[in-house]
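Computed over heavy atoms, backbone and side chain alike; hydrogens, waters and symmetry mates excluded.
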Amino acid sequence: QVQLVESGGGLVQPGGSLRLSCAASGSIFSIAAMGWYRQAPGQQRELVAIITGGGSTNYADSVKGRFTTSRDNAKKTVYLQMNSLKPEDTAVYYCRDSYSGSWGQGTQVTVSS
């Protein structure tokens with residue numbers, strides 16, 4: 001059974017940075033595309049970034065140039081570096097293993113002065 005655990009969320013001022021981590025266990029991690037999603041209150045969950053097993057990445061237009069996702073297959077961990085954060089980035093952020101369909105529990109990111 002795949003388990004995903006996100007960490008690194010918190011409160012940050014506009015223009016600040018955060019780095020989220022998602023640690024996987026029980027997964028064929030090296031071949032799984034890993035996605036980062038977010039869900040703001042009253043809104044649908046949306047895809048923010050995705051990274052394939054080979055390291056190719058794709059981003060939502062709203063975060064291009066500000067967010068970067070990466071992975072360490074040896075540590076079975078995927079990262080989301082978030083820079084130049086805006087209040088509209090406030091949401092619960094989730095990671096997802098596309099191979100198993102499993103979701104993490106989410107981590108809250110709040111961007112506010």
- [ ] Measure from the side-chain N and O atoms of Arg66 to the backbone N and O of Ser84, and report whether any donor-acceptor pair falls under 3.5 Å.
- [x] yes
Open item on the list: Has Thr77 got a side-chain atom pairing as donor or acceptor with Lys75's backbone, closer than 3.5 angstrom?
Closed with: yes
TODO: Could you name each residue pair satisfying ring pair (Phe, Tyr, Trp, His ring centres under 6.0 Å) that touches residues 59-81, not counting sequence neighbours?
DONE: none
Are [X] and [Y] joined in one hydrophobic group, where the rule is that I, L, V, M, F, W and Y side chains link up if heavy atoms are under 4.5 Å apart?
X	Y	result
Tyr37	Met34	no
Val109	Leu4	yes
Trp36	Val63	yes
Val2	Ile50	no
Leu80	Leu85	yes

- [ ] Kindly check if the number of other-residue, nucleotide or ligand heavy atoms within 6.0 Å of CD (Gln1) is above 12?
- [x] no
Open item on the list: A side-chain contact here means heavy atoms from C-beta on lying under 4.5 Å apart; do Met82 and Tyr93 qualify?
Closed with: yes
Task: Non-hydrogen side-chain atoms of Val92 and Thr107 separated by less than 4.5 Å - done: no
TODO: Tell me, please, which residues at least two apart from Lys86 pass salt bridge (Lys or Arg N to Asp or Glu O under 4.0 Å).
DONE: none
Identify every side-chain donor-acceptor pair in residues 40-47 under 3.5 Å, counting partners at least two apart or on other chains, and give the distances.
unit_1 : atom_1 : unit_2 : atom_2 : d
Arg45  : NE     : Gln39  : OE1    : 3.4
Arg45  : NH2    : Gln39  : OE1    : 3.4
Glu46  : OE2    : Arg38  : NE     : 2.7
Glu46  : OE2    : Arg38  : NH2    : 3.3

Open item on the list: Applying side-chain hydrogen bond (donor to acceptor under 3.5 Å, both in side chains) to Ser112 and Thr110, what does each step give before you reach the verdict?
Closed with: CA-CA 6 Å; Ser112 175; Thr110 302; over 6 Å; no
TODO: Give every residue pair that meets the disulfide (SG to SG under 2.5 Å) criterion with at least one member in residues 83-112, sequence neighbours excluded.
DONE: Cys22-Cys95
Task: Minimal non-hydrogen separation, Tyr99 against Ala32, with atom names - done: CB-CB, 3.7 Å
Task: Pairs involving residues 47-58, ordered by first then second residue, that meet side chain to side chain donor-acceptor pair (under 3.5 Å) (sequence neighbours left out) - done: none
Task: Gap between atom CD of Gln3 and atom CD of Gln105 - 0.5 Å precision - done: 10.0 Å
Just distance, no hydrogens or angles: give the donor-acceptor pairs under 3.5 Å from side chains in residues 13-20, sequence neighbours left out.
unit_1 : atom_1 : unit_2 : atom_2 : d
Ser17  : OG     : Asn83  : OD1    : 2.9

